[in-house]
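For the numbers below, each heavy atom of this structure counts, side chains included, while hydrogens, waters and symmetry mates do not. Quick note on labels: first sequence line is chain A, next is B, and so on, each numbered from 1.
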Number of protein chains: 2
Amino acid sequence: MSDPLSLTFAALADPTRRAILARLSEGDATVNDIAAPFAMSLPAVSKHLKVLETAGLITRSRTAQWRPCHLEAAPLKDANGWISRYRRFWEASFDRLDDYLAELQAGDPDKKS
Amino acid sequence: MSDPLSLTFAALADPTRRAILARLSEGDATVNDIAAPFAMSLPAVSKHLKVLETAGLITRSRTAQWRPCHLEAAPLKDANGWISRYRRFWEASFDRLDDYLAELQAGDPDKKS
DNA sequence: GCTTTATTAAACTCATAAGCTAATTAACCT
DNA sequence: AGGTTAATTAGCTTATGAGTTTAATAAAGC
C-alpha cells in the first residue's frame, strides 16, 4: 500500500524492530532466538518480523521447522540516501555549535567581565 | 512517550511529511505555503507539522499571524547515525552486485555457450 | 501414529494515526 | 468595532498497530 521508503521508515520506528535488526547484524537467527530477549509473546515478535519482511529488511529461509531470519540492508541504503540529502543542514548546525564552543573556550569575552 | 529515534523514524514514515521537509530545505515557509501543493485540508497539514515539531524536525516562530516553519536537521543526524551502522551490509551487497555485473560483462562463460 | 518443538494464524482489545468539517483563536487592516 | 487572513482546536470517522491468548500448521524424533 505504502511506498517502499515509508515502509522502511515505519519499520524502523519501533525499538523492538530496531533491536531485532541489531541482533541480525551479528548473524542469522531463528524466531525463538530473536524473541528470547524480549518481554513479549512469540506471536508479537512474529508480527514484528513480518513487518520487517514486508519492508524488505529481512528474508526468511526454511530449514526443517526453523525459519532463520537474515538481514537485508538494501532498504537501509535507500533510507540513508534520503536522509543524506539533508546532511548539509546538520553539518551546518555543527559548524554553529563549533563556533559556539570556540566562543565559550575563548572566555566569552563580549558577554561578561 | 516514544524514544526520540522512534519519533523521528515515525515522522519520516509518511510521504507528505517527507515532502514538507523537502520543501523546508529550500527555505522557511508558512503553513499555507506548505499546504498549497497537497490535496488535503489545512488542518491535516497542521497535524503533520505538529508531528514533525514533536519529533524535533521543525521549529516554528511567530510573525504576526504567520507561523513560519524552519527545518531542524539534528534528529536526521541521529537517524543517519543509527542507519550508518549497517552500511557495511549494503555495501557488501553492492560488492556482490558488482561481482555479478562483472560476471555478466565477461559473457557469463560458465552458464551458457 | 503421537508428541514435542517451532512458527504462524485467528480473533480479540486498546490505543493511536490520518483524514474530514465546523468552530475557534489570533493578529492584522480599515 | 468589524472584517479578513492565518492557523489551530474540537469532535468525529475509519483504518492500522501493537499486544494478548488460544488454536492451528509443519516438521522431527521416538
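In this structure, the side chains of B/S84 and A/N80 come closer than 4.5 Å at one or more pairs of heavy atoms. A/R18 places a side-chain heavy atom less than 4.5 Å from the side chain of B/F9.
Note on A/R60: a side-chain N or O is less than 4.0 Å away from OP1 or OP2 of C/dT8.
For B/S46, whose side chain is taken as the heavy atoms from C-beta onward, the closest listed nucleotide among D/dT8, C/dA6, D/dT5 is D/dT8. Closest to the A/P43 side chain, of the nucleotides D/dT20, C/dC28, D/dA18, is D/dT20. Taking only side-chain atoms of B/V31, from C-beta outward, the nucleotide of D/dT8, D/dG19, C/dT21 with the closest atom is D/dT8. Taking only side-chain atoms of A/Q65, from C-beta outward, the nucleotide of C/dT5, D/dA7, C/dC28 with the closest atom is C/dT5.
You'll find a donor-acceptor pair under 3.5 Å spanning the side chain of B/K47 and the base of C/dG19, going by distance alone.
Screening B/L7, B/L76, B/L52 for a side-chain contact (heavy atoms from CB on, under 4.5 Å) with B/L12, the sole residue that qualifies is B/L76.
Between A/L42 atom CG and C/dT5 atom P there is a gap of 14 Å when expressed in whole angstrom units. Here the C1' atom of nucleotide D/dG19 and the CZ atom of A/R17 are 12 Å apart, to the nearest Å. Remark: P of D/dT4 and CH2 of B/W66 are 16 Å apart, rounded to the nearest angstrom. Rounding to whole angstrom units, NZ of residue A/K50 and C1' of C/dA10 are separated by 11 Å. Atoms CE (A/M40) and C1' (D/dT21) sit 15 Å apart, rounded to a whole Å. If you measure from atom CG of B/L52 to atom P of D/dT8, you get 12 Å, rounded to the nearest angstrom.
Interatomic distance, B/H70 NE2 to A/F89 CZ, rounded to the nearest 0.5 Å: 8.5 Å.
When each of A/H48 and A/R67 is assigned the nucleotide of DNA chain D bearing its nearest heavy atom, the one mapping closer to the 5' terminus is A/H48.
Counting non-hydrogen atoms under 4.0 angstrom, B/T30 reaches the backbone sugars and phosphates but no base.
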